[in-house]
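For reference, the structure discussed in these notes is given below.
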Amino acid sequence: MVMSQLPDLSLGDQVGGCTYLDSFRGGKTGNQTWWKLRCECGFEFERRASEHWYYAKNGKKKLCKNKHLHKDLKVGSRFERLTIADFVKKPYGDEMRGFAVCDCSCGTTGFE
């Protein structure tokens, strides 16, 4: 997609269910536009701008790949004694997986 066909976004704009953070040139040849985004679950990721904009302009959400986190799980959600403080991505085998970082009401903080 030609860069002129992409919207001119500012920091904090909502696009396709995510918050726009930055854009940069990347890809194999270095001439594709990529966006850095924050998903509604709190996870930050990078995606090719044309792919994300295709869904957004058609009124669809295109969230991060942590699908298990999109079932009403957000930073600040409580589950008995646990409160979700953040989401992180870590290696798990030969792929990257998302994990919730929680704080406990007993005072223990930052466990996954």
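Computed from a prediction, not measured in an experiment: that's the story for all the values here.
Remark: Arg78 CZ to Ser105 OG distance equals 6.5 Å, nearest 0.5 Å. In this structure, OG in Ser50 is found 10.0 Å from CD in Gln5, a value given to the nearest 0.5 Å.
Side chains of Thr33 and Arg48 form no contact here, defined as non-hydrogen atoms less than 4.5 Å apart. Put simply, the side chain of Leu82 does not reach to within 4.5 Å of the side chain of Asp103, judged on heavy atoms. A heavy-atom distance below 4.5 Å is not found between the side chains of Lys36 and Ser23. Looking at heavy atoms from C-beta onward, Pro7 lies in side-chain contact with Trp53 at the 4.5 angstrom threshold. Annotation: side chain of Val15 is in contact with side chain of Leu37 (closest heavy-atom distance under 4.5 Å).
Taking a 6.0 Å sphere around CG of Asp8, one finds it holds 12 or fewer heavy atoms contributed by other residues, nucleotides or ligands. Within a 6.0 Å sphere centred on CZ of Phe45, heavy atoms belonging to other residues, nucleotides or ligands number more than 12.
Using a 4.5 Å cut-off between side-chain heavy atoms of Ile, Leu, Val, Met, Phe, Trp and Tyr, with links allowed through other members, Leu21 and Trp35 fall into different hydrophobic clusters.
The nearest pair of heavy atoms linking Arg81 to Cys106 is NH2-CB, 3.2 Å. Of all heavy-atom pairs between Cys39 and Cys18, the closest is CA-SG, 3.9 Å. The two residues Gly16 and Ala56 have their closest heavy-atom pair at N-CB, 3.6 Å.
Between Phe24 and Trp34, the ring planes lie parallel to each other; the angle is under 30°, not in the 30° to 60° tilted range.
Under 3.5 Å, the side chains of Thr19 and Arg38 contain no donor-acceptor pair of N or O atoms.
Within the 3.5 Å criterion, the main-chain N or O of Glu46 finds no donor-acceptor partner in the side chain of His52. Side chain of Arg47 to backbone of Ala49: no donor-acceptor contact under 3.5 angstrom is found. Remark: side-chain polar atoms of Asn58 are not paired, donor with acceptor, to backbone N or O of Tyr55 under 3.5 angstrom.
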